[in-house]
J.: 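Pasting a structure here, questions to come.
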Amino acid sequence: MNLDEEYMHSCLELAVKGLGHVAPNPMVGCVIAGENGVLGEGYHEKFGGAHAEINALNSLERTASLKNATLYVNLEPCAHHGKTGPCSDAIINSGIKRVVIGCSDPNPLVKGKGIDKLQKHGIEVVTGVLERECSDVNKRFLTYHHKKRPYVILKWAQSADGFIDRKRSREETRTKLTQEEADIMVHRWRSQEQAIMVGTETVEMDNPELTTRKVTGKSPVRIILDRTLRIPAEFKVFNSSAPTIVITEQAKGGNHTAEFISLKFDGTLLPRILNELHKREYQSVIIEGGEKLLNSFINLDLWDEAKVFYTNQKLGDGIKAPNFPFRPKCEIRMGNDTLTLFGNRHD
């Protein structure tokens, strides 16, 4: 590994600190290095706040010499005025003469313009350093711009004999398949994404809150599919813990403050939901059930990542887990559970 790659790794380590805090902006880390090592560093800490390059420049000692310094950043610096000024202007004004970039920014407001601006001002620009790793860190952001939809994560737990739950009445409690460690991890995942989606039956059967109450972090926006608005207003998904959007065929209903989106429940429903979320700048959504909703996303090939808990527990009969004949990327043992991670074959 050469020196540029080492510093780019440092950028990525900084960038991921912004996970769950910066969307719909990308996660970006920046390192400024001189002949004797790191001179300054920073990352994009929260949406609306200073970008990584600005934080890195602000961290410099006043006496730091930038004559032979290089600025490393995992994503192309912006060249437009948004909530903050253009980072490319700040880099130019700093006197830095070499910039190393991990991958280009697909946002039409940026795309190539930041690189072009730096080069026109006599700055040497090196691109594509650890490009794959840099793209993976911002997979949500890149999917949002390339595919014009949020990054879709499927999540479920299934028994050793292939069921996600028993067949039961609404009065019966759900069979708990995973241990507390897995529950905490799921809540952490929720804190990292912008939205969470479930179907009507999941809400009716389990009355879930769909928040991050077991960890510190912002709860995602709750997306509830309810074709005929039959979910009672007193259910937990309508409490004040997080915003809720109801996808329905009705115009509006219920004595709660949820936002309503009226769509036809036909074969194009899921693409249209994702299109609506894209327009609202949601870059990621977790699909947590039920079985029909999960299978619908799988059958339409509208998923990017799946996180599946396999347990030793057997149910004997019940609701079948989704048919998911894909090769896993990796497996993580968690007590009696095994977390298996999948990536879409198109990735």
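Hydrogens, waters and symmetry mates are skipped; everything else that's a heavy atom, side chains included, is used. Throughout, numbering of the chain's residues begins at 1 and tracks the sequence.
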J.: A cation-pi test, strictly: NZ or CZ of K307 under 6.0 Å from the centre of the six-membered ring of F342 and no more than 45 degrees from its axis. Yes or no?
T.: no
J.: Is the number of heavy atoms from other residues, nucleotides or ligands within 6.0 Å of NZ (K111) greater than 12?
T.: no
J.: Give a yes or no on whether the backbone of D337 and the side-chain of Q179 come within a donor-acceptor separation of less than 3.5 Å.
T.: no
J.: Would you mind telling me which of L118, N107, V99, V110 makes a side-chain contact (heavy atoms from CB on, under 4.5 Å) with E76?
T.: V110
J.: Under a plain distance cut-off of 3.5 Å, with no hydrogens placed, do T212 and R190 share a side-chain donor-acceptor pair?
T.: no
J.: Could you tell me if the ring centre of W189 sits under 6.0 Å from that of F309?
T.: yes
J.: So, D161 side chain and L315 main chain: donor-acceptor pair closer than 3.5 Å or not?
T.: yes
J.: With a 3.5 Å distance limit and no angle check, can you tell me whether T200 reaches the backbone of L225 through a side-chain donor-acceptor pair?
T.: yes
J.: Hey, is the main chain of Y144 close enough, under 3.5 Å, to the side chain of H278 for a donor-acceptor pair?
T.: yes
J.: Strictly distance-based, threshold 3.5 Å: is any side-chain N or O of T202 a donor or acceptor partner for the main-chain N or O of G290?
T.: yes
J.: What do you reckon, is CZ of R333 surrounded by more than 12 foreign heavy atoms closer than 6.0 Å?
T.: yes
J.: Going by atom types only, do N299 and N323 share a side-chain donor-acceptor pair under 3.5 Å?
T.: no
J.: Does the Q158 side chain pair with the main chain of L177, one donor and one acceptor, at a distance under 3.5 Å?
T.: no
J.: With distance as the sole test, does S284 use its side chain to make a donor-acceptor pair with the main-chain N or O of Y151 at under 3.5 Å?
T.: no
J.: Answer yes or no: are there more than 12 heavy-atom neighbours, outside K46 itself, under 6.0 Å from its atom NZ?
T.: no
J.: For the residue pair R230 / T228, report whether a side-chain donor-acceptor contact shorter than 3.5 Å exists.
T.: no
J.: Checking the side chain of R98 only, and the main-chain atoms of V126 only, is there a donor and an acceptor separated by less than 3.5 Å?
T.: no
J.: Is there a donor-acceptor contact under 3.5 Å from the side chain of H9 to the main chain of E5?
T.: no
J.: Looking at D183 and K214, does any basic side-chain N land under 4.0 Å from a carboxylate oxygen?
T.: yes
J.: How many angstroms lie between atom CD1 of I287 and atom NZ of K155, to the nearest 0.5 angstrom?
T.: 11.5 Å
J.: Identify the residue among K218, R140, Q283 that makes a side-chain hydrogen bond (donor to acceptor under 3.5 Å, both in side chains) with E193.
T.: R140
J.: Using a strict threshold of under 4.0 Å (side-chain N to carboxylate O), is an ion pair present between R280 and E276?
T.: yes
J.: Please report the closest heavy-atom contact between A157 and T178, naming both atoms and the distance.
T.: CB-CG2, 3.8 Å
